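In what follows, a single structure is set out as structure tokens and then discussed.
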Amino acid sequence: MLLLSKSLQRQTITIFSCGLTNFVFGLGFGWIAPALDHLQSDASSFLINDEELSWVASTYFALEITSSIAAGFFSGFIGRKPLITIGTFLQALSWVILIVAKSAAMVVLSRAILGIAAGIFDITWSIYLGEITTPSERGIFGSIMIVLVIGGQMIEFLLSLFVSHVYLSVIPLAISVVSFAMCFLMVEAPPFLVTRGENAYALSNLAWLRGKDDVKEVQLEFNEMKDYIESVQQRRHVLWNVLKHPMGNRVYIFCVLIFALAQLTGYMVVVSYQAVVLAQYDDIPDGKYVTLIFGISIFVFVLVNIGFIETIGRRTLLLVGFGACAIIQISTAFSIYTQDHNIFNVSFIPKIIVVLFNFYGIIFIMCILPTIFVLKSELFPQEMKTVGSVSSTVSNAFAEFVVTKFFVFVWYKYGLYVNFAFYAIVDIVSVIYVYLLIPETKGKSLVQIQNELAIRKSSEVGFSPSSTTSRSRYVSSPE
């Protein structure tokens, strides 16, 4: 810490709680696979049927949908810091309920509360992070947050090898309590305070975040921020016009649909159910070891994305990612079909399925997941950032709910391979969608991206952006 500037020290302390909370959400994702394996074993203190199993895996996402909408609405009234604190408290509460759970209903309740916390936190922390950091630091902190989620998932897989089932909840609870306490050391984001007319308070917080003892040293930055926020507030009334406008409507669809398509390729199914799926085959190692290998793989390769995304580009990564995932899911569906119908009398096909699961996780986490989050931050104009962020989160959570809730139903009704055949079809559709509609944004400023989108759409519909609507309506101001 002594080697860091005072500004970085204070920002690091301020967002440390957000990092811990994201890490615990990662632990929550990692909890599912070993927990489902435990709840269906003789070691479980209560029985759980297949329907309850699907609700344990999917309830989180159902509640994330509603709470993210509420968080988007209240973020402009309550503030970033209070919402983050509420989300962190609910996160801790969910683990308390899970520890004392004596029935499947209590487990589902715990996952529901964790989903509410996730919806609140997912919307708020990204807004908060963008408002307290400088442009040069924003990308670093944002990447760290995603890495912490994936790292938490891997750590939970690792813990499942060494601790009893109950400690898979006790450890996340302990970290959540620390994170909740850290919330009280945070400062409110200066841009939010400006929107509430608390300019002196905002100026003081900005000086603290920048490591300055004299507010005069940040007065210029504050004045620029204040002028920009006031101009955005004056344009908020045109949001509906932005959505009705062909270009604004197109940008909205770009981001919202890509989140749904990404999750409909089956990532959360592989994370949640792989141990249950592989348990039906002989000669497969304990599900805990399989999920640990998976967790380590995706953690290592999410770090690779940080280098790829600025060299290869967003659009290329998505095309390669969805294309590779289509091949992997077709191979998975074929392998499961041949195994279940005894087409080939060979013993190594289940091991091939394990390898395919890992390949899919690596490609998804290296090429697709971080990339769509970057696109969300780049494509939405300023006027659409809140509603766009909420809509993308809802789209993402709804798709995750669908695939996790109906996975078991489709498995027993039509066959396990049908699930993966569907994921392959979604991957193929996604390749076509990205190729035709998603623009490349690598190396372009936010203003340049919005200008190019406006020009591109104008040429298609035959009008000039400036002829009918002011260009500023669709262009984000420089950050």
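Since we're looking at a predicted model, the values are computed, not measured.
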CA sep, side-chain torsions, deciding dist, call: W95, Q91, side chain to side chain contact (heavy atoms under 4.5 Å, CB included): CA-CA 7 Å; W95 293 106; Q91 183 188 71; 4.1 Å; yes

Note, L90 side chain near F121 side chain (heavy atom, < 4.5 Å): no

If you count every heavy atom of other residues, nucleotides or ligands that lies below 6.0 Å from Y414 atom OH, does the total exceed 12? no

Answer whether the closest heavy-atom distance between the side chains of E156 and P172 falls below 4.5 Å. yes

Ring-plane angle category for H341 and Y417, please: parallel below 30°, perpendicular beyond 60°, tilted otherwise. perpendicular

Look at the aromatic rings of F184 and F180 and report parallel, tilted or perpendicular, splitting at 30° and 60°. perpendicular

Quick one: pull up CD1 in I84 and CE in M182 and give me the separation to the nearest 0.5 Å. 12.5 Å

Determine whether K405 and E51 satisfy the following criterion, salt bridge (charged side-chain N to carboxylate O under 4.0 Å, His left out), listing intermediate values before the conclusion. CA-CA 9 Å; K405 179 67 181 73; E51 178 66 18; 3.1 Å; yes

Restricting to ring pair (Phe, Tyr, Trp, His ring centres under 6.0 Å), what partner residues turn up for F162, sequence neighbours left out? none

A side-chain contact here means heavy atoms from C-beta on lying under 4.5 Å apart; do F398 and V402 qualify? yes

Looking only at the aromatic ring of each residue, does the gap between the centers of Y423 and Y360 stay below 6.0 angstrom? no

Are any non-hydrogen side-chain atoms of I258 and F322 less than 4.5 angstrom apart? yes

Hey, are the side chains of Y167 and V170 touching, using non-hydrogen atoms and a 4.5 Å cut-off? yes

Under 4.0 Å between a Lys/Arg side-chain N and an Asp/Glu carboxylate O for E188 and R196? no

Hey, what do you get for OG1 (T393) to CG (D122), rounding to the nearest 0.5 Å? 4.0 Å

Counting N and O atoms only, with roles assigned by atom type, does the side chain of T195 sit under 3.5 Å from a partner on the main chain of F192, one being a donor and the other an acceptor? yes

Is the closest side-chain donor-acceptor distance between T21 and S179 under 3.5 Å? yes

Which value, rounded to the nearest 0.5 Å, describes the distance between S68 atom OG and L63 atom CG? 10.5 Å

Atom CD1 of I86 and atom CD1 of I116: how far apart are they, to the nearest 0.5 Å? 12.0 Å

Paired with F420, the ring-ring contact (aromatic ring centres under 6.0 Å, His included) test is passed by just one of Y273, F357, Y337, F334, namely F357

Would you say the side chain of V147 lies within less than 4.5 Å of the side chain of F23, judging by non-hydrogen atoms? no

Once rounded to the nearest 0.5 Å, what's the spacing between atom CD1 of I349 and atom OG1 of T338? 3.5 Å

Is there a side-chain contact between S54 and F409 in this structure, where contact means two heavy atoms from C-beta onward sitting under 4.5 Å apart? no

Decide yes or no for L39 and F46: does some side-chain heavy atom of the first lie under 4.5 Å from some side-chain heavy atom of the second? yes

Atom CG of D427 and atom CG of L261: how far apart are they, to the nearest 0.5 Å? 9.5 Å

Taking the inter-plane angle between the rings of F401 and F406 on a 0 to 90° scale, is it parallel (under 30°), tilted (30 to 60°) or perpendicular (over 60°)? perpendicular

If only atom types and distance count, is the side chain of N358 paired as donor or acceptor with the main-chain N or O of V354 below 3.5 Å? yes

Side chain to side chain contact (heavy atoms under 4.5 Å, CB included) between I32 and R111, intermediate numbers included: CA-CA 10 Å; I32 301 174; R111 298 297 294 179; 3.3 Å; yes

